[in-house]
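What follows is a single structure, written as structure tokens, with notes after it.
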Amino acid sequence: MQVSISHKKLDLRRVLKDRIFYIGVIVLSGITVLPLILILYKLVREGISQINFDFFTRVAPNTLEAMVAVANNETIPGGIANGIVGTLLMVALASLMAVPVGVLTGVYLSENPESRFAGTVRTIADILQGVPSIVLGVIAYMWVVRHITNGYSALAGSTSLSIMMLPLIIRSTEETLKMIPETYKEAAFALGVPYHKVLFKVLIPSGLSGLLTGILLAVSRIIGETAPLMLTALGSSRINLNIAQPTSAVPLLIWEFYNDPNMVKLIWSSSLFLMGFVLFFNILAKRISKRWKI
Amino acid sequence: MNDAIIQINSPLLTIERLSIAYEPGKYAVQDVNAGIKKNSITAIMGPSGCGKSTLLRAINRMHELYPNTEVVGKIFLDNENIFEISAIELRRKIGMVFQRPNPFPTMSIYDNVIAGYKLNGKKLKRSVKDEIVEKSLKEVALWEEVKDALFKRGTFLSGGQQQRLCVARALAYKPEIILMDEPTSALDPIATTKIEDLLVELKKDYTIILVTHNMSQAARISDYSMFMYLGELIEYGKTKNIFSNPVDKRTEAYLTGKFG
């Protein structure tokens, strides 16, 4: 009898402990989600009023236009088309540079995991991931702005962004390809398929969802970068498609708006736009990795 | 000559003094000599870890994918040493079916069947492709089951169907020999029976070498059987002779269930 009573006591304690930890975990998880929700709430509340057709199609207003509008309590005219086009241009260009190199490096690492050179490359990629983005901006300034385009340019901006993308793509490619069962490769080899065709027609297609996910996450990582662009792309008040010319970008515009007291409202709406972009890419990446899972 | 090892007259494939080591000095297969009869099923049996699969994978030079593996000896196919021709040519003559069904996950059933052509970049006319797909799927008795779903992914099929699809993929390239590495070990009994019936059917046109750890399977479908133990070929003969009258004590012990 006594034994069973002490068991009950223990049980009660255990259940209590379990409850406390359970609630603790829930509360802490909630705290993690909270910042994102608060950010989105604030951005939508402050920024939505500026988002209209002009916002996507017209370039940023000058101080005078904005000042008049603010004084009359109207929406600020113009939009951020120069920034959107510049961001898309530079992200596309950066992806064009980083994706082939990153994917092939990832393939190399997953195919030769033990080799010494692979170890070195892996370590360097990890270190590269930790390099402050402003430093990459300085480097791109030295290499591209000073010596290739002889002036601030989209090319210089995308160079710094592509260096940021590289380690992310390399590691995600490597991790994805490592997960693909050896048996698919063996099946292809057993059909007399040469090695390079096994890589490009079996291995990479089988890991495509993972590769795309990695690329999209890398894009959403660089899309909001500001510091390196200040030293490379500089910014521009008009829509520019020439990669050798200074170019605007959404985060650069946010910085410019910040420096102009009349444009405060545009800060919010540009931030909302950027945030929406990042969210979109993240959700897209998640869906792709789910849908195309093998 | 060792009377536990049968001499095959005019074999299609001859294995000569074949030894294979995964680590220097540690032989997984040791000094195997054997001929393989054309249009027959030859079963390789033995307890696990005795070199069955290792021996099988030497025949289409799969070991070359793993650079640390050392293969010594000769294998002749049509009087040609397979180690002297290109591995890619060789693998087109010797198909392989693996332990677990492994249809290519990114391809449809149709594309899986002609994967050998597709992946090798061989352009075929649509009508030729259709013909190959239909013929190969009929050979593995899968045609009726999948003819309306040819362009769906192969991975949606059941395990047994997937394995038959893999056999069809090997057949589509018209190999001389098909190597099978425990093709039914991941399948249920009904699917296993279907594959076994299929193999018996296929030996009219192909030569099959089958690794199995299931001796009753070897007894049911094979014409010749090899018994391997600790990397050595202990006994090789007609299946009915081996099962009724084994020469070597170790074969007898294995067949009567004393180990394995």
Side-chain angles (χ1 to χ4, degrees), chain A residues 99 103 106-119 172-216 285 287-294, chain B residues 53 56-57 59-68 85-107 111-122 153-156 162-163 165-167 169-175 177-181 186:
Chain A
V99 169
V103 167
V107 169
Y108 171 75
L109 294 186
S110 83
E111 285 295 294
N112 304 281
E114 305 285 313
S115 91
R116 237 189 138 140
F117 182 59
S172 73
T173 304
E174 187 191 1
E175 295 305 318
T176 306
L177 296 185
K178 264 203 282 187
M179 304 287 283
I180 293 171
E182 197 75 3
T183 62
Y184 295 135
K185 266 166 68 189
E186 288 191 338
F189 281 122
L191 289 167
V193 182
Y195 185 59
H196 67 278
K197 288 188 181 166
V198 174
L199 289 187
F200 286 104
K201 293 186 170 181
V202 176
L203 199 66
I204 291 182
S206 303
L208 196 62
S209 73
L211 300 196
L212 282 179
T213 308
I215 292 166
L216 288 180
R287 298 210 83 169
I288 286 178
S289 72
K290 227 185 230 166
R291 171 77 62 88
W292 289 358
K293 210 171 203 166
I294 33 173
Chain B
S53 294
L56 189 79
R57 292 164 69 93
I59 299 173
N60 66 346
R61 290 171 57 182
M62 286 302 262
H63 293 304
E64 283 164 29
L65 305 183
Y66 306 95
N68 294 329
I85 62 175
S86 101
I88 288 165
E89 281 307 312
L90 174 75
R91 291 180 192 140
R92 291 173 188 175
K93 289 185 191 170
I94 303 185
M96 188 169 200
V97 176
F98 295 82
Q99 198 162 353
R100 292 193 165 275
N102 55 358
F104 295 118
T106 51
M107 294 187 196
D111 283 346
N112 259 294
V113 177
I114 52 163
Y117 298 94
K118 215 176 136 72
L119 294 176
N120 282 312
K122 288 229 164 77
R153 295 264 185 100
T155 40
F156 290 116
Q162 283 189 25
Q163 192 63 305
L165 177 59
C166 293
V167 179
R169 179 174 68 187
L171 297 182
Y173 227 82
K174 301 194 181 65
I177 299 177
I178 304 169
L179 308 175
M180 301 207 156
D181 191 356

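Chain letters run A, B, ... following the sequence lines, proteins first, then strands; residues in each count from 1.
The contact between Leu65(B) and chain A is made entirely by side chain atoms (from C-beta outward), counting heavy-atom distances below 4.5 Å. Within the 4.5 angstrom heavy-atom criterion, only backbone atoms of Pro103(B) (N, CA, C, O) approach chain A. Using a 4.5 Å cut-off between heavy atoms, Leu90(B) makes no contact with chain A at all. Heavy atoms closer than 4.5 Å to chain A are found in the backbone of Lys118(B), but not in its side chain. Heavy atoms of Asn60(B) lying under 4.5 Å from chain A belong exclusively to its side chain. When heavy atoms are compared at a cutoff of 4.5 Å, Lys201(A) approaches chain B by way of both its backbone and its side chain.
Comparing Met62(B), Arg61(B), Arg100(B) by heavy-atom pairs within less than 4.5 Å of chain A, the highest count is held by Met62(B).
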Begin from the C-alpha positions of Arg169(B) and Leu191(A) and carry the test side-chain contact (heavy atoms from CB on, under 4.5 Å) through to its verdict. CA-CA 9 Å; Arg169(B) 179 174 68 187; Leu191(A) 289 167; 3.8 Å; yes
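With hydrogens and angles left out, the side-chain atoms of Asn120(B) and Arg92(B) include a donor and acceptor closer than 3.5 Å.
In this pair, Tyr195(A) and Phe189(A) present their aromatic rings parallel. The plane angle is below 30°, not in the 30 to 60° band.
Taking every heavy atom of both residues into account, Ala186(B) and Pro101(B) meet most closely at CB-CD, 4.4 Å.
Under the 4.0 Å criterion applied to side-chain N and carboxylate O atoms, Glu186(A) and Arg57(B) are assigned as salt-bridge partners. Between Glu111(A) and Lys185(A) there is a salt bridge, since a side-chain N of the basic residue sits under 4.0 Å from a carboxylate O of the acidic one.
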